[in-house]
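Heads up: the structure comes next, in structure tokens.
The model shown is predicted, which means the values in this text are computed figures rather than measured ones.
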Amino acid sequence: MKDAIVVGGGIAGMSAAWRLRHSDMLVLEGSNRIGGRLRSERRGQYWLNWGGHVFAGEGSFADKLLREVGVDALNLQGSFSALAFKGKVLNGNVNLYPFMVPISWGARMEIAKAGLKVMNAVRKYAKVCKPRPGEDYRVRQQRIYDFMADQTFSEFTGSLGEEADAFFRPTVSRSSGDPEEISAGAGVGYFLLVWDKGAGLARNIVGGAATLPQAVAHKLGDKVRLGAEVVEVVQHPDHVEVTWLQDGKEVTEKARYVVMTTPATITQRVTKNLDPIVYDALGKIQYGHYVSAAFLTNETGRRPWDDVYAYCTPKRSFNILFNQSNLVRSMESERQPGSSFMVFSPASLARQLIDLPEEKVLEIYRKDIEDIFPGWGSTVVEQSVQKFHNGLAYCFPGRNKLQPALMRSPHRVYLAGDYLGSWYTETAIQTGFIAGEDINSKLYTDGLQPANDFSY
């Protein structure tokens, strides 16, 4: 019998596995690569990226994992709040943007009125999410979820005209929900992350985001199995049985504990004998699609995007354009040829693209980027699309009511993943760490006095 099995090879799974590395354990990943929704590939000094890409800073769980594994990450120097809208490309004081693009005065007044509401809410949110001395992380996360949790972001701002709505929509829908779906508090939280890089996720991993889970997998060696599609996880009083398909054959292994790091929808479907309250909460987590594309270019000389990390792009096929080469720019003494870009389409934008052929998606994307940066298209030397069906969980009104169930003390099946909190990569790493550490503690206790109850 194994000490532990980790289901899922994304960053949550690899974080849990890292904590369990000294035990008799397995990581089962259904696909042929490690990383899950962290997908990146090196291209010389650059990297192409299609998924999660920003990480928390010093003192965070991400920082701890990076240091222990020996992977470099640096603070991003570029702007997070540039804007490309109505033929203008702006990078400066966001409060002046409504007066620098060709929109009606009525729209400007709408933006100013709603913007004041958002700014006031951001200040309150910043206080709410600030850690308190000696506070359990679960208490802090519940407080964040409870903030403005009873209405959508659209209900909070009130009805907006098309031009005014375009100013807010791209930032709010950075997960996979639209302003009409996401809670007001979660929407406000995105503005804090964009306006204040010090408030959350503002580091890139040198070489690309997938470098971190891949480095963990390399150190774990044959404890990681790819192409292992888990079909059933059955919790028993004194062990868990995990069944998966490997090379077309069904394999079953027993373990004392299991960490489920798959999306909530998959965890609920394959896991049996869960606490009914937890099972019900998993089924209520809401996911949305997203589509992304990566581009590698070969331009020479300085470009307008060199000092920018993220452009907000209202009324486009994508709502954000990321300059994935911004970190490289900050490390070099002389500007080298080329750049790497990522565009990101969540929520309703993704629903319009996800069933189209990749060639058509790339055609649509390239046209929009060319409109923003004329001549850009002639420099593209590589391009690729990634489609994530049910890729990200978003925080909807009432999501806060599910958190106590998801945080219930587990018996032998642990939950980990970004859907358990509001900090994406940081939540995934944190929940993986905590699951692994708790199992290590229980394994020690089991060695002294085997557990024989099945109470929740």
Side-chain angles (χ1 to χ4, degrees), residues 33 35 37-54 76-80 82-91 170 204-211 290-332 334-346 349-350 352-388 391:
R33 68 175 182 86
R37 282 164 289 148
L38 299 189
R39 184 193 168 197
S40 63
E41 296 176 6
R42 285 180 179 265
R43 295 293 187 273
Q45 66 178 336
Y46 301 115
W47 51 89
L48 300 178
N49 194 87
W50 294 267
H53 47 99
V54 284
L76 287 160
Q77 303 300 310
S79 169
F80 276 39
L83 175 72
F85 186 42
K86 294 272 189 176
K88 297 283 187 176
V89 180
L90 307 173
N91 180 24
N204 261 187
I205 291 174
V206 178
T211 302
Y290 69 87
V291 177
S292 62
F295 298 90
L296 191 68
T297 59
N298 65 358
E299 80 285 346
T300 58
R302 292 277 303 171
R303 288 297 189 272
W305 55 77
D306 285 351
D307 298 323
V308 174
Y309 185 67
Y311 287 93
C312 180
T313 56
K315 310 296 288 184
R316 297 286 181 182
S317 55
F318 48 87
N319 68 4
I320 312 174
L321 186 152
F322 292 104
N323 173 15
Q324 292 288 318
S325 45
N326 177 254
L327 190 64
V328 177
R329 298 282 87 87
S330 70
M331 295 188 293
E332 61 190 11
E334 182 178 343
R335 212 283 192 184
Q336 298 300 305
S339 295
S340 173
F341 298 90
M342 170 185 168
V343 293
F344 176 69
S345 304
L349 293 178
Q352 297 170 25
L353 297 171
I354 203 160
D355 292 326
L356 297 179
E358 291 187 10
E359 294 78 10
K360 182 62 177 178
V361 175
L362 287 168
E363 178 187 332
I364 293 169
Y365 280 160
R366 288 184 59 145
K367 180 180 183 302
D368 272 344
I369 303 176
E370 180 73 18
D371 284 346
I372 298 169
F373 299 119
W376 171 88
S378 63
T379 68
V380 175
V381 294
E382 186 176 350
Q383 57 187 3
S384 178
V385 168
Q386 173 74 61
K387 299 177 180 180
F388 291 90

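- Between the side chain of R43 and the main chain of L48, no donor-acceptor pair closer than 3.5 Å is present.
- Taking all atoms of both residues into account, the shortest heavy-atom contact from W305 to Y311 is CA-OH, 3.2 Å.
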TODO: Starting from the C-alpha separation in whole Å, work towards a yes-or-no answer on side chain to side chain contact (heavy atoms under 4.5 Å, CB included) for R316 and D371.
DONE: CA-CA 10 Å; R316 297 286 181 182; D371 284 346; 3.2 Å; yes
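- Residues M342 and S292 share a closest heavy-atom pair of CE-CB, 4.0 Å.
- I372 approaches P374 most closely through the heavy-atom pair O-CD, 3.5 Å.
- Counting only heavy atoms from C-beta outward, the side chains of W376 and E299 never approach each other to under 4.5 Å.
- For R366 (side chain) and G377 (main-chain N/O), a donor-acceptor pair under 3.5 Å exists by modelled atom type.
- Judged purely by atom type and a 3.5 angstrom limit, D368 has no side-chain atom pairing as donor or acceptor with the backbone of Y365.
- Within the 4.5 Å cutoff, no side-chain heavy atoms of H53 are placed close to those of S40.
- Using modelled atom types, no side-chain atom of Y46 and backbone atom of L296 make a donor-acceptor pair closer than 3.5 Å.
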- [ ] Kindly determine whether I364 and L356 satisfy side chain to side chain contact (heavy atoms under 4.5 Å, CB included), including the steps that lead there.
- [x] CA-CA 10 Å; I364 293 169; L356 297 179; 3.9 Å; yes
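- In terms of heavy atoms, V308 sits closest to A82 at CG1-CB, 3.6 Å.
- The backbone N or O of D306 lies less than 3.5 Å from a partner atom in the side chain of N326, making a donor-acceptor pair.
- With ring centers used as reference points, F341 lies 6.0 Å or more from F322.
- Inter-residue side-chain proximity for R39 and R33 is flagged as met; some heavy-atom pair is nearer than 4.5 Å.
- Here the shortest heavy-atom pairing between N49 and Q324 reads CB-OE1, 3.7 Å.
- Remark: the backbone N or O of S317 is paired with a side-chain donor or acceptor of S345 at under 3.5 angstrom.
- Taking CD1 from I354 and OH from Y290, the interatomic distance works out to 10.5 Å, rounded to the nearest 0.5 Å.
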- [ ] Run the numbers on D355 and K360 for salt bridge (charged side-chain N to carboxylate O under 4.0 Å, His left out), then give the verdict.
- [x] CA-CA 10 Å; D355 292 326; K360 182 62 177 178; over 6 Å; no
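- Between K367 and E370, no side-chain nitrogen of the basic residue sits less than 4.0 Å from a carboxylate oxygen of the acidic one, so the salt-bridge criterion is not met.
- No donor-acceptor pair closer than 3.5 Å links the side chain of K387 to the backbone N or O of A350.
- For the atom pair CG of L76 and CG of N204, the computed distance is 4.0 Å after rounding to the nearest 0.5 Å.
- With values rounded to the nearest 0.5 angstrom, F318 atom CZ is found 10.5 Å from L353 atom CG.
- In this structure, the side chain of S339 does not engage the main chain of T297 through any donor-acceptor pair within 3.5 Å.
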- [ ] Step by step, work out the side chain to side chain contact (heavy atoms under 4.5 Å, CB included) result for I369 and F295.
- [x] CA-CA 11 Å; I369 303 176; F295 298 90; 3.9 Å; yes
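- Y309 and F80 have their aromatic ring centers within a separation under 6.0 angstrom.
- Residue N323 holds its CG atom at 12.5 Å from CZ of R303, rounded to the nearest 0.5 Å.
- Note that CZ of R329 is 10.0 Å distant from CG of D307, once rounded to the nearest 0.5 Å.
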Open item on the list: Evaluate Q45 against E332 for side chain to side chain contact (heavy atoms under 4.5 Å, CB included), listing each step before the verdict.
Closed with: CA-CA 10 Å; Q45 66 178 336; E332 61 190 11; 4.2 Å; yes
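- In this structure, P170 and P314 approach most closely via the heavy-atom pair CG-CA, 3.8 Å.
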